[in-house]
Amino acid sequence: MLQLPAAARIDALRHEIERHDHAYYVLDAPSVPDGEYDRLFRELQALEQQYPELTSADSPTRRVGGRPLPEFAPVRHAVPMLSIRTETDTEPSGARAFDGRVRRELGLSDSDAMIEYATELKFDGLAINLRYEHGILVQAATRGDGETGEDVTQNVRTVHCIPLRLSGDALGIPAVLEVRGEIYMRRPDFDRYNARQRAFNRPTLVNPRNGAAGSIRQLDPAIAAQRPLSFYAYGLGEFRGWELPATHSGVLDALAALGFPVCVHRAVVQGADGLIAFHARIRALRDSLPFDIDGVVYKVNALSVQQRLGFVTREPRWAVAHKYPAEEALTIVEAIEVQVGRTGAITPVARLAPVFVGGVTVTNATLHNEDEVRRKDVRVGDTVIVRRAGDVIPEVVGVVLERRRVSSVDFSMPVVCPVCGSSIEKPADEAIARCTGGLFCPAQRKQALLHFASRRAMDVEGLGDKLVEQLVDAAIIKTPADLYKMGVLGLATLAGLERMAEKSAENLLAAIEQSKQTTLGRFIFALGIRNVGEATAKELARHFGTLDALMDADITVLQQVPDVGPVVAASVAHFFAEAHNREVVEQLRAAGVRWEEGAPAAMVSSPIAGKTFVLTGTLPTLTRDAAKDMIEALGGKVAGSVSKKTDFVVAGAQAGSKLEKAQQLGVSILDEGQFLEMVKV
Ligand code: IVH
């Protein structure tokens with residue numbers, strides 16, 4: 001490589017790094033691998049250290065943040081930073097009213113041409129004025145009161161997508177150019193930043209907006225440098241030596257060419273209908289954007305027309321912001337209660353002082369689970385940020401700690417279900433606590449009923465979710481046992497339900513009657529015991545033979561059932577330990593639900609019941625699993641190693657140490673053929 005003099009090399013490095021920054025942060029199209037970028041950056045840093053006289057305010061190395069400031073210096077804006085008339089409007093009427101006002105001001109009649117508007121997003125962050133002199137960023141200031149803001153240049157330099165030097169040929173670089181726009185934080189950056197903070201047990205940001213505003217107003221630029229911020233340009237301040245485009249959209253295009261990020265979600269539209277269409281399009285898009293917006297902005301596109309319209313007080317007549325209902329709002333937590341979900345899952349819910357957010361009045365917000373309540377440290381009496389985006393369930397985003405009162409009260413998880421009084425349990429390795437009330441708990445009833453009636457359980461044809469909903473809500477059914485008492489209500493009651501004609505009521509009663517004759521396996525499955533699926537239910541039925549034997553089995557006995565481990569055994573034992581569940585079972589039996597009971601199947605005729613097998617080597621036709629299934633289906637057990645308790649070893653090709661051990665201990669050894677002969681019943 002040609003050895004350039006230091007100044008030239010520094011210049012070349014700065015340009016190259018700027019190019020990569022622009023590609024990465026503005027165009028979202030990285031142009032160099034990270035490692036290469038780092039190498040260039042370090043080389044530049046080293047050279048600047050070696051030649052301090054060559055350092056410069058526009059060097060990319062200045063983005064890492066300088067010394068902390070005692071306070072921000074005031075900056076008087078060359079052109080006041082005005083605000084914009086903001087209306088909360090979800091209806092088209094707002095756009096028509098704005099267009100009407102503009103037309104009236106301009107003295108246009110209905111027969112005159114439509115007005116052209118530039119439409120864009122209303123970004124939710126911090127307004128900033130960037131001042132470039134001869135193409136170099138010399139100052140960045142907040143809006144302040146519009147006349148005087150604060151000098152936040154050091155912090156703004158750390159925002160990678162803000163050019164430190166304008167791009168383009170020298171001829172097109174204005175002597176002075178002030179670019180206005182919004183500094184904001186993208187949601188993915190916010191999430192990543194917070195995840196990292198959490199991992200290191202450091203404080204998290206409350207929301208992207210506070211993240212952006214708080215970072216820029218940090219006196220220590222090193223802290224600001226760690227916050228991932230972005231920027232979108234949307235307007236101008238002072239400019240000199242620059243040929244102003246004729247339209248606002250032209251200005252934005254020019255800014256993009258100078259290296260500024262300009263949002264792609266903007267349009268040039270005609271008349272009120274164009275505004276309304278844009279409003280609707282963005283509203284639909286809003287939740288999928290990677291950053292928060294709080295509405296749209298309409299601006300008269302022609303700058304000459306803007307000038308004719310001028311200002312009222314501090315707001316331009318040529319622009320309006322239409323805010324969507326805020327997705328976040330502050331409110332007070334009045335109580336923290338728990339809700340019981342369909343599977344018994346206990347969800348803490350914050351009861352809130354009513355607050356209008358996301359277009360509705362919200363009074364409850366989910367806190368997900370106990371760990372989440374702890375992590376967010378939400379207490380009764382706290383002021384919290386509530387978020388409701390789109391149709392999602394409102395949630396508590398975080399606590400405004402500065403407003404915490406001494407009287408705030410910690411949340412504690414109840415030990416019994418608030419709906420049915422059954423105990424609440426939370427396995428140590430799970431996030432979700434559950435009500436153990438099962439069939440007895442009304443909150444779980446609907447789901448339990450649907451499961452009970454499902455095809456592979458009791459198979460009650462025609463009992464769908466709409467019907468279950470009505471039957472439970474009307475308190476016609478409380479437990480599955482009530483299903484079998486419906487006959488006495490008479491057809492009239494049933495046929496009176498929505499979507500229920502007399503004929504379908506008749507059919508339903510017949511289906512219920514028919515379902516009474518079932519099998520023990522189906523019945524156990526229908527009870528909806530946690531962790532007991534269809535196969536396990538069958539296995540339990542086969543093993544115990546009778547329901548009473550199952551209900552009386554303790555955890556140790558339960559674990560003797562093939563495929564029943566400690567988790568399933570505990571679920572079954574817990575279920576039958578609840579008096580409510582036993583009661584429902586009794587009612588079902590009393591109502592006439594029946595099945596054929598027998599002695600435990602495995603004990604009867606199977607030649608291998610209770611025998612222990614060890615499988616080793618490769619069998620000619622059977623897989624290990626198939627052999628295991630056959631043994632277990634007949635009440636035998638399969639063990640992993642050979643001991644004196646082993647009854648048979650089934651050995652195939654390449655059997656090793658297990659076979660030897662069996663020979664030593666004198667255990668019977670079978671080949672596949674002998675084994676198949678033995679299990680043939
Ligand atoms: S134009 C004279 N355009 O909304 C008009 N403002 O009061 C100057 N904002 O805090 C503002 N997105 O920071 C404009 N596309 C956009 C905007 C926008 C967000 C903010 C701005 C200011 C407030 C307007």
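The first residue of the sequence shown is numbered 1, and numbering continues consecutively from there. Side chains included, hydrogens not; waters and symmetry mates left out as well; all remaining heavy atoms used. For ligands, and for the atoms within them, numbers begin at 1 and follow the listed sequence.
Using a 4.0 Å cut-off between heavy atoms, Ser83 contacts ligand 1 through both its backbone and its side chain. Residue contacts with ligand 1, taken as heavy atom pairs separated by less than 4.0 Å, involve Leu121 solely via the backbone atoms N, CA, C and O. Only the side chain of Glu120 comes within 4.0 Å of ligand 1, judged by heavy-atom distances.
Under a cutoff of 6.0 Å and an axis angle of 45°, Arg101 and Phe98 do not form a cation-pi pair.
Contact between Glu315 and ligand 1 is absent, with no heavy atom of the residue lying under 4.0 Å from the ligand. Using a 4.0 Å heavy-atom cutoff, Pro316 is listed among the residues neighbouring ligand 1.
Checked for salt-bridge contact, Lys376 and Asp371 miss the test: no charged N lies under 4.0 Å from a carboxylate O. Using a 4.0 Å cut-off between charged nitrogen and carboxylate oxygen, Asp11 and Arg9 do not count as a salt-bridge pair.
The option from Arg180, Lys299, Arg85 that lies nearest to atom 3 (N) of ligand 1, judged by heavy atoms, is Lys299.
The minimum heavy-atom distance linking Leu205 with Asn194 is given by the pair N-OD1, 2.8 Å.
Relative ring orientation between Tyr37 and His20 is described as perpendicular, the plane-to-plane angle rising above 60° on a 0-90° scale split at 30° and 60°.
Interface of Ala127 with ligand 1, defined as ligand atoms under 4.0 Å from a residue heavy atom, comprises 13 (O).
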